[in-house]
Amino acid sequence: MRKIGILTGGADCPGLNSVIRAVVRKGIQEGYVVTGIKNGWLGLIDNDMKVIDPKAISGILDRGGTILGTSRINPLDDPEQIRKIAENYKRSGIDAMIVIGGEETLRVALEFYKKKIMKVIGVPKSIDNSLSGTDYAFGFDTAVNIATECIDRLHTTAESHHRIMVIEVMGRHTGWVALESGIAGGADIILVPEIPIGIQEVCDAIHSRHKRGKTFTIIVVAEGVHCKDHPEFREKVDCGHSFGGIGEMIAQAIEQKTGYETRVSVLGYIQRGGTPSAYDRLIGTRFGVGAVELIKEERFGYMVSLHNNMIQSVPIAAAIEKRKTIDMGMYEMARVFFAE
Ligand code: F6P
């Protein structure tokens, strides 16, 4: 076993380059040649790949995005793409693939492993932090830090203008980014997909704050949120990969019901771009080294994971079987502050 392939698939996130750098460094040290596949699965379809030499990974640790590029395609929908991938993979002489991705990319990797098209090792990437089997997916920490900084900034302007500020954050089906940045940023109300809440309840909470003399309210909304009394909001914005838009509808409904001036800020891709946090670089590096170890041990079909701050591994199947929803203990803890 001498040739490792590596690809980054799905949405990009800060920390991808830390993993690539670690895989290449550790791989070379262990006597492997590491080949980078360009643009996720697309690179295997187009036969777009290149050996990554040490020069190519110099100075990338603090760079956001991915030097390999990525794509959103799901080749499982197309037998012709599967055929091309199998053919190009075989021709490349790659012995095992390190696949860095979220739920969808790892699902494809597992399918290819089951079909005996390639041997795979997974690395959990997701600003949403929604992969099971790991306490943490890299990218999440940076997203939470960015969102927290934005909430801090929006706090001061909301306070000056006595406004309701709705801040929409990413996270798709889960509320991890909303919950953790909301707590860290001192949000007054946090709306997450896991707990559907009615707009009326939100307005009641705003009124009760005003009664206590507060003239502004910070509301952090996860993009995947469901409003009990407005199911049509969800239906309007739930469109594939990009979930954004529900914050605007919630803000309008609040302004209509309360009469308070309400503004919305959608943080969007700012949460995914730019410099990774120190923690994401650290975990990305540990995951990269761990992935090469798994190849050495021939633990194919597994994903590197973090448990109690130790690098371990879990079957990819277990990681993608069920979405990891928010920590309800943390949510309940946050409610103490909402009530304040
Ligand atoms: O899954 C990561 C994520 O950033 C989500 O938080 C967001 O909903 C989605 O990707 C956006 O996807 P795209 O880059 O395809 O618009």
Side-chain angles (χ1 to χ4, degrees), residues 7-17 19 39-42 64-66 68-75 77 99-109 122-134 136-148 150-151 166-182 190-194 220-226 233-250 264-277 280 283-284 303 316 319-320 322-326:
L7 68 78
T8 53
D12 76 337
C13 82
L16 284 163
N17 288 328
V19 183
N39 305 321
W41 299 115
L42 203 58
T66 160
L68 292 175
T70 185
S71 61
R72 277 289 205 187
I73 66 150
N74 183 343
D77 297 338
V99 177
I100 314 171
E103 228 172 292
E104 289 167 44
T105 305
L106 293 180
R107 195 176 301 282
V108 175
V123 178
K125 168 239 63 156
S126 162
I127 68 156
D128 308 335
N129 200 29
S130 55
L131 276 164
S132 289
T134 183
Y136 180 77
F138 73 89
F140 172 63
D141 182 68
T142 309
V144 168
N145 276 299
I146 295 169
T148 303
C150 293
I151 296 167
V166 172
I167 303 156
E168 182 188 298
V169 299
M170 280 184 163
R172 297 187 81 181
H173 302 284
T174 59
W176 286 102
V177 178
L179 181 60
E180 296 208 4
S181 65
I190 303 173
L191 303 183
V192 292
E194 291 87 341
V220 175
V221 173
E223 62 180 358
V225 92
H226 296 258
F233 287 179
R234 184 74 269 140
E235 283 147 27
K236 273 191 204 156
V237 293
D238 203 348
C239 51
H241 293 304
S242 303
F243 272 44
I246 203 160
E248 184 64 50
M249 295 177 214
I250 291 177
V264 58
S265 283
V266 179
L267 303 192
Y269 298 94
I270 286 171
Q271 295 157 96
R272 254 168 53 183
T275 314
S277 67
D280 277 334
I283 297 302
M303 177 187 89
I316 295 176
I320 60 176
K322 200 169 162 268
R323 202 165 279 137
K324 186 176 72 185
T325 50
I326 55 161

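Indexing begins at 1, ligand by ligand and atom by atom, following the structure's order.
Without hydrogens or angle criteria, T70 side chain to G10 main chain gives a donor-acceptor distance under 3.5 Å. Side-chain atoms of W176 come within 3.5 Å of backbone atoms of K324 as a donor-acceptor pair (strictly under, hydrogens ignored). No side-chain donor-acceptor contact under 3.5 Å links E248 to the backbone of G245. In terms of modelled atom types and a separation under 3.5 Å, the side chain of R234 and the main chain of V225 share a donor-acceptor contact.
Side-chain contact of Y136 with D280: a donor-acceptor pair under 3.5 Å is present, judged by distance alone. Looking at D128 and T174, their side chains never bring a donor and an acceptor atom within 3.5 Å of each other.
Protein heavy atom nearest atom 3 (C) of ligand 1, with residue, atom name and distance: R272 NH1, 3.7 Å. Among all protein heavy atoms, the one lying closest to atom 12 (O) of ligand 1 is R72 NH2, 2.7 Å. Closest to atom 5 (C) of ligand 1, if we only count protein heavy atoms, is R172 CG, 3.3 Å. Shortest contact from atom 1 (O) of ligand 1 to any protein heavy atom: D128 OD2, 2.6 Å. Of all protein heavy atoms, the one closest to atom 7 (C) of ligand 1 is E223 OE2, 3.3 Å. From the protein, the heavy atom lying nearest to atom 9 (C) of ligand 1 is H241 O, 3.4 Å.
Near G171, meaning under 4.0 Å from one of its heavy atoms, ligand 1 places the atoms 6 (O). Which parts of ligand 1 touch Y269 is read off a 4.0 Å heavy-atom cut-off, strictly below it: atoms 13 (P), 14 (O), 16 (O).
Using a 4.0 Å cut-off between heavy atoms, V177 makes no contact with ligand 1 at all. When non-hydrogen atoms are compared, ligand 1 lies under 4.0 Å from neither the backbone nor the side chain of Q271.
Considering backbone and side-chain N/O atoms, A11 never comes within less than 3.5 Å of an N/O atom of ligand 1.
Outside the 6.0 Å centre-distance limit, the rings of H226 and F233 are not counted as a close aromatic pair.
At least one side-chain heavy atom of E103 sits under 4.5 Å from a side-chain heavy atom of S130.
Look at S126 and you'll find every heavy atom at least 4.0 Å from all atoms of ligand 1.
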